[in-house]
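What follows is a single structure, written as structure tokens, with notes after it.
One-based numbering along the sequence shown. Predicted model, so just to flag it, every value in this text is computed and none were measured. All ligand and atom numbering here is 1-based and tracks the order in the structure.
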Amino acid sequence: MTDLLVLGSGIAGLSAAIHASRRGMSVVLLTKGEMAHSATHFAQGGVAAVLDSADSTDLHLADTMAAGAGLCDESAVRVLVDDGPDRVRELMELGAQFDYENGRLAMAREGGHSLPRVVHAGGDATGAEIERALRTDVRDLRAVEVREGWFTIDLLIENGRCVGVTALDGSGGMHKVRAKHTLLATGGAGQLYSATTNPSVSTGDGVAMAFRAGAAVADVEFMQFHPTALASPSMPRPLLSEALRGEGAVLRDSAGVAFMSQEHPLGDLAPRDVVARAITTRMLEREESNMWLDCTSINDFETRFPTIWRSAQSVGLDPERDLLPVAPAAHYLSGGVCTDLDGAATIPGLWACGEVACSGVHGANRLASNSLLDGLVFAPRVVEAIGDGRDGPERTGVLRDGWPEGSLSMSQHSNVAATVSPLPLREALQDLMTSNVGVLRDGVRLEEAALALDVIHAKAENCDSQAVPTWELRNLLMVATALVRAALLREETRGTHSRLDYPCARPEFLGRYMFAGSNEMFLPLPVEVRA
Ligand code: SIN
């Protein structure tokens, strides 16, 4: 039997596969698309890590905790910032080519960081370069068997333990893939929204599978919206990295006013939730569909930001002359499958790392460029823990105070004749989430969304039960239902969760909602957060 089954081929999954094979484990890696089709590929800004003597891990920790709006788990953030630098150096040894300036690693500054600490590659193509380096290594490893085009349907749970998955191969054949340990590294759920920076594969599969299996999940109300996606119809939305503002770009309204200085002491480099809220508020007040990013002060734009240059050119804009239209787009799910400090989920044999996980490092709002770091740091910890003989979670990190036990309620879908196409239902879901559960929320629209999701759910029962688009739709519906439920329960504004009817943070909500079980069994469980 395979030692480690890895689900997903972004930075977290590939890192885990490499570390596991180095520890002598056999690995099977399933990915539903091609290896390169992960959200990692689209990451622009870079990796935040303390690699300069002017910086300190205490400062990185403080910035991460401040961005997380009271909900970060300090012990998890400590792991992230302390392990980070070595993991980035390891990546360089593996062949990832980061950018240098005057013989030193080039460091960019992004929102919420007190100083420049974001290393990047290819200017603004950091994710693509990291993924290239990791993929090349994985392809060379004989101990790693990669199966592309394999869609994982559900976790296999036997006697309360995860023993692998059921999955469809590229030709639609159903398989049981058994493993001693299973790692969710399936990424996020940006496809819940009609405007997202995430690729079409980001459909919340890992969180939904964990729900169905009864694992604890938390913080799903904290969907992060990137403030500056290029306002264009293309999907995924082209990202205009925060690093642009680190290099001097300024947000302006249609009257040319640079409004961020009125919003936060860090101005255009305020944490991402603050910037997304400020942009959305102005768009609503002015009944406009975008604000503007003024990059005209950036020299050598094409060299420093080649990906963004090409995106702008493709819609006929020249960033050195034209203001770029921007609007927030769904970008990153800060919550997910609850894990201890070593990535163990609440079902023995099940592990999670990267965006799918809720280890407590991101709290209510992830700090810019901490996402690649998260995958890099926690994937090897999973492997170390497994290698050391661990099988289940310890009471550390967000699991310190325990977790709700989910009753196993795997969804049973009868084999129905396909009378309804899942694609219009997916679009209806995305439109609903965008209009009712976006950057600015309120109780009335959240209630409406909950009811409308039930209707979409009922219709989805008539989709072809064996088709991948149907499974993706079901997964999106499950995550959407959890997100709306948690957003309704959280009657406050905190991090990326902004309630117009509760515009301030409220001390009684300083905690996280954890859920376990299927979507019929959501149980709020506030957990005290000890900073
Ligand atoms: C960006 O480059 O602005 C995105 C990086 C991130 O999501 O952390």
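Among residue pairs with one or both ends in residues 197-206, those qualifying as salt bridge (Lys or Arg N to Asp or Glu O under 4.0 Å) are Lys32-Asp205; sequence neighbours excluded. Note on residues 186-210: pairs passing ring pair (Phe, Tyr, Trp, His ring centres under 6.0 Å), not counting sequence neighbours, are Tyr193-Phe225. Within the structure, every pair that satisfies the ring pair (Phe, Tyr, Trp, His ring centres under 6.0 Å) test and touches residues 273-312, not counting sequence neighbours, is listed here: Phe301-Phe305.
Considering Glu492, Arg490, Arg441 as possible partners of His497, the one that fulfils the side-chain hydrogen bond (donor to acceptor under 3.5 Å, both in side chains) test is Arg441.
Using a 4.0 Å cut-off between charged side-chain N and carboxylate O, Glu129 and Arg132 make a salt bridge. A salt bridge does not link Asp374 to Arg366: none of the charged nitrogens lies less than 4.0 Å from a carboxylate oxygen.
Ligand 1 lies under 4.0 Å from heavy atoms of Gln44, Gly45, His226, Leu239, Ser241, Glu242, Arg272, His331, Arg366, Ala368, Ser369.
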